[in-house]
Amino acid sequence: MTTQTLRDQIAGLLRAGLEAAQTSGALPPFDVPNISVDPSRHAAHGDYGSPVCMGLARVLRRAPLQIAQAVAPHVPPASFVEKVAVAPPGYINFYLDPTWLAEQAPVILEAGEAWGNVDLGAGKRVQVEFVSANPTGPITIGSARNAVIGDTLASVLAAAGYGVEREYYVNDAGSKARKLGVSLFLQYAALLGAPVSLDEEIYPGAYIVDMAQELIAEVGRRYLEVDTETAIHALADWGIAKVLDVVADDLAQLRVHFDTWRHERDLYASGLFTEMLERLRAGGYVVERDGATWFSHSALAQDAVLIRSPQVIPNPEDRPTYLASDVAYLWDKLVLRNFDRAIYVWGADHHGDVPRVLAAAEAVGVDPERLTFVLYQLVTLRRGGQEVRMSKSSGEFVTLRELIDEVGPDPIRFMMLTRTVDVSLDFDLDLAVEQSDRNPVYYVQYAHTRIAGVLRKAEEVGLDPDVMGNPALLVHPSELDLIRKMLALPEIVTLAADHIAPHHLTTYALDLAALFHAFYRDCRVVDPDAPELTAARLMLSQSAKMVLARVLHLMGMEAPERM
RNA sequence: GCCCCCGUAGCGCAAUUGGAUAGCGCGGCGGACUUCUAAUCCGUAGGUUGUGAGUUCGAAUCUCACCGGGGGUGCCA
């Protein structure tokens, strides 16, 4: 498998060139700096360019152009490089060899869906924890963004050579669980004509009623005959298990699957939290004040509550904060289970918690560098131009399931991925439904479908669509541009994995589709009068189809044969 | 008050993370289907990258200040 991207190989050539220029005396001795190589934005600049000589100008006290001219002749030849050129004010540009380019079509095709894989991770184990929505109701559209980012990131990291596990953290401890239990119990009692009044907050969503009805069908009046507290606890457990089934099912509809479901409760039940509290205490990070237990760390502007005071919070189950279990959880991830890295996908509304978790990691002796937080901006939902305010506490939200039933998982996944995590997402429900055929997702999928159509056409006229043609016949600019783009996939995977930025896949997929459409426009594939050329172009089409499928699959989408 | 994110063409967003001439979609205007699927393609119009300073050979990208939008902010989840 490819171990080095083209970019890296070109950087290597440049390094050799810079060194050779010194040993030959063309340039005085200097330390070779980091060499940046960028894909060119304009064809006039070749395929790749490096500004490295610009930075050397100061060191060498010479004009960048002069340095570049001294280096370029010393860049060693390579099979994939047609020429090396110098351009003002001091760039060194690389032009890929057309013959070599054409030969990559079969190479890519033979790599199959492994095309695009790189060895960035070197087998390191990384855990991606995402969604982790409170198990108190169905998955919302807001959580869908989390789900898609996390899942796609996991796929990208796997392609980049990491050993990846997907995990859902179940917040089943404390007041959320109780609130669900209370909500169910009250609804259950009401449905059975034995209304109970309790002075506690409840979840008002309609799904509570459905669940209560289901409960009655399962157990009848049994929970009215036991102690109320016992019933609430039992119903909390029952409710969470039920909700998790629904959550898993909703997410499966979005093609998101988890390797592990880790329960917050277990972090307490196993004694891990107690252990970590002692560890923090021993390190001098714990302060008792106002009846509460605080985490105190010099990196934090303020102390953070670990355990709330009994005077303020009577119910013991409600006293530990998220930070308390987060400390245990990071230990669980990075020490007990020994992942090399842990990635947290969080909504930006939790950004304030990041410094606390990082400080806690440092305090218990875990290198904070091993934690990465992906903070994505929230989704605002619009319907008829109006913002739809959502919260499970108010019972008002649009579920993922409703949307999937209307538009299917692919447009949702693509739309959630097209933007960087840093921009908030306006999700227009009417638009998503009404204009679904104008969603860019179909542009990419249609390119795949179109290729499938070409291959079917080949069969219709009695040709073998799997024939390996002669790549030397691929000389049209549109053919070579398409190959160039296919060749870039390993770099895109590297980019997305390095920067934890899965949105690069969508941009790439659109570019690739556009270049296929251009090829389709310019180059007739199936031509019975030119069997050799047809074979070569069928091979190229197969390659393009495979790369499109690979990108779509990385994004968790389907690559349809027909639309 | 303090912290985080955003501000790029009428609208929604990219820009390989400091590189060359800032791209794409939608919308506008004008074209292309007896040809492998027109869910496509071609042409055209549209920019002082919020404002002002600074750093740098070079800034949409980094720094500072200001303006505007969103989110968070010691016992909520």
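Lettering follows sequence order; numbering is per chain, from 1.
- Note on Arg41(A): every side-chain N or O is 4.0 Å or more away from OP1 and OP2 of A22(B).
- Donor-acceptor pairing under 3.5 Å, judged by distance alone, is absent between the side chain of Asp38(A) and the base of A20(B).
- At the heavy-atom level, Gly49(A) lies under 4.0 Å from base atoms of the strands shown.
- Here His517(A) does not reach the OP1 or OP2 of C42(B): none of its side-chain N or O atoms lies under 4.0 Å away.
- Across all strands shown, the partner of C41(B) is G31(B), judged by Watson-Crick or G-U wobble contacts whose two distances both fall under 3.5 Å.
- Between the P atom of C36(B) and the CD1 atom of Ile451(A) lies a distance of 16 Å, rounded to the nearest Å.
- Residues Glu491(A) and Tyr48(A) have side chains that bring a donor and an acceptor to within less than 3.5 angstrom of each other.
- Rounded to whole Å, the P atom of U51(B) lies 13 Å from the corresponding atom of G10(B).
- Here His45(A) counts as stacked on A20(B): its ring centre is under 5.5 angstrom from the base ring centre and the planes meet at under 30°.
- Annotation: of the two residues near RNA chain B, Asp511(A) and Pro320(A), the 5′-most nearest-nucleotide partner is Asp511(A).
- One interatomic measurement links the two molecules: CG of Leu512(A) to P of A14(B), which rounds to 20 Å at whole-angstrom precision.
- Summarising the geometry, the separation between CG on Leu510(A) and P on C26(B) is reported as 11 Å, rounded to the nearest angstrom.
- Base orientation of U63(B): anti, the glycosidic angle falling outside 90° of 0.
- Minimum atom distance to the side chain of His351(A) is reached by G71(B), of the listed G71(B), G19(B), C41(B).
- Within the nucleic acid shown, Ser424(A) comes within 4.0 Å of sugar-phosphate atoms alone, with no base atom in reach, counting heavy atoms only.
- No contact: Pro64(A) has no heavy atom under 4.0 Å from any strand.
- The residues Arg262(A) and Glu129(A) are annotated as not salt-bridged, no charged nitrogen and carboxylate oxygen being separated by less than 4.0 angstrom.
- A side-chain N or O of Asp8(A) and one of Thr5(A) form a donor-acceptor pair less than 3.5 Å apart.
- Nucleotides A65(B) and C11(B) have their C1' atoms positioned 30 Å apart, rounded to a whole Å.
- Across C13(B), G19(B), A39(B), the shortest atom-to-atom separation from the side chain of Met563(A) is found for A39(B).
- Under the stacking definition used here (centres under 5.5 Å, planes under 30°), the residue Tyr443(A) fails to qualify as stacked on the base of A39(B).
- Side chain of Gln377(A), nearest nucleotide from C5(B), A39(B), G71(B): C5(B).
- Each of Val312(A) and Cys523(A) was matched to the nucleotide of RNA chain B holding its nearest heavy atom; the match closer to the 5' end belongs to Cys523(A).
- Proximity of the aromatic rings of Tyr169(A) and Tyr329(A) is defined here by a centroid distance below 6.0 angstrom, and this criterion is met.
- Protein atom CZ of Phe373(A) is 16 Å distant from nucleotide atom C1' of C3(B), rounded to whole Å.
- Residue contacts shown for Asp527(A) are absent, as no nucleic acid heavy atom lies under 4.0 Å away.
- Remark: His503(A) is in phosphate contact with A15(B), judged by side-chain N or O atoms under 4.0 Å from OP1 or OP2.
- Residue Ser175(A) places no side-chain N or O under 4.0 Å from the OP1 or OP2 atom of C76(B).
- Within the structure, every side-chain polar atom (N or O) of Arg524(A) is placed at least 4.0 Å from both OP1 and OP2 of C36(B).
- If you check every strand for non-hydrogen atoms under 4.0 Å, Asn93(A) touches a base.
- For Val525(A), the side-chain atoms get nearest to C36(B) when compared with the rest of G71(B), C13(B), C36(B).
- By the 6.0 Å and 45° rule, Lys179(A) stacks over the aromatic ring of Tyr203(A).
- At whole-Å resolution of the value, CZ in Arg521(A) and P in G43(B) are 8 Å apart.
- Remark: Arg450(A) is not positioned above the aromatic ring of Phe516(A), lacking an NZ or CZ atom under 6.0 angstrom from the ring centre and at most 45 degrees off the axis.
- The CG atom of Leu515(A) sits 16 Å away from the P atom of G23(B) (whole-angstrom rounding).
- If you take CZ of Arg562(A) and P of U40(B), they are 19 Å apart, rounded to a whole angstrom.
- Picking from C36(B), U16(B), G23(B) the nucleotide with the shortest atom distance to the side chain of Arg7(A) gives U16(B).
- Between the P atoms of G72(B) and G25(B), the separation comes to 36 Å (whole Å).
- The listed nucleotides are G74(B), G72(B), A38(B); the one nearest the side chain of Arg450(A) is A38(B).
- Nucleotides C33(B) and U48(B) have their C1' atoms positioned 43 Å apart, rounded to a whole Å.
- Base pairing annotation: C62(B) forms a Watson-Crick or G-U wobble pair with G54(B), both donor-acceptor distances under 3.5 Å.
- For Tyr520(A), taking side-chain heavy atoms from C-beta onward, the closest of the listed nucleotides C36(B), U40(B), A20(B) is C36(B).
- Nearest to the side chain of Tyr442(A), among U40(B), C4(B), A39(B), sits A39(B).
- If you take CZ on Phe30(A) and CG on Leu18(A), they are separated by 5.0 Å, rounding to the nearest 0.5 Å.
- If you check every strand for non-hydrogen atoms under 4.0 Å, Thr449(A) touches a base.
- Pairing for G46(B) is absent, with no Watson-Crick or G-U wobble pair whose two atom distances lie under 3.5 Å.
- The gap from the C1' atom of U8(B) to that of G68(B) amounts to 15 Å, rounded to the nearest Å.
- With P as the reference atom, A15(B) and C5(B) are 16 Å apart, rounded to whole Å.
- For Val454(A), the side-chain atoms get nearest to C36(B) when compared with the rest of A15(B), C36(B), U17(B).
- With rounding to whole Å, Asp8(A) atom CG is found 12 Å from U16(B) atom C1'.
- Comparing the same atom, C1', in G28(B) and in A45(B) gives a spacing of 8 Å after rounding to whole Å.
- Here the side chain of His504(A) is nearest to one of G19(B), C36(B), U17(B), namely U17(B).
- When both distances must be under 3.5 Å, the Watson-Crick or G-U wobble mate of C2(B) is G72(B).
- A donor atom on one side chain and an acceptor atom on the other are found under 3.5 Å apart for Thr152(A) and Arg413(A).
- Judged by distance alone, with hydrogens and angles left aside, the side-chain atoms of His297(A) form a donor-acceptor pair with the main-chain N or O of Ala299(A) at under 3.5 Å.
- Rounded to whole Å, the C1' atom of G46(B) lies 38 Å from the corresponding atom of C3(B).
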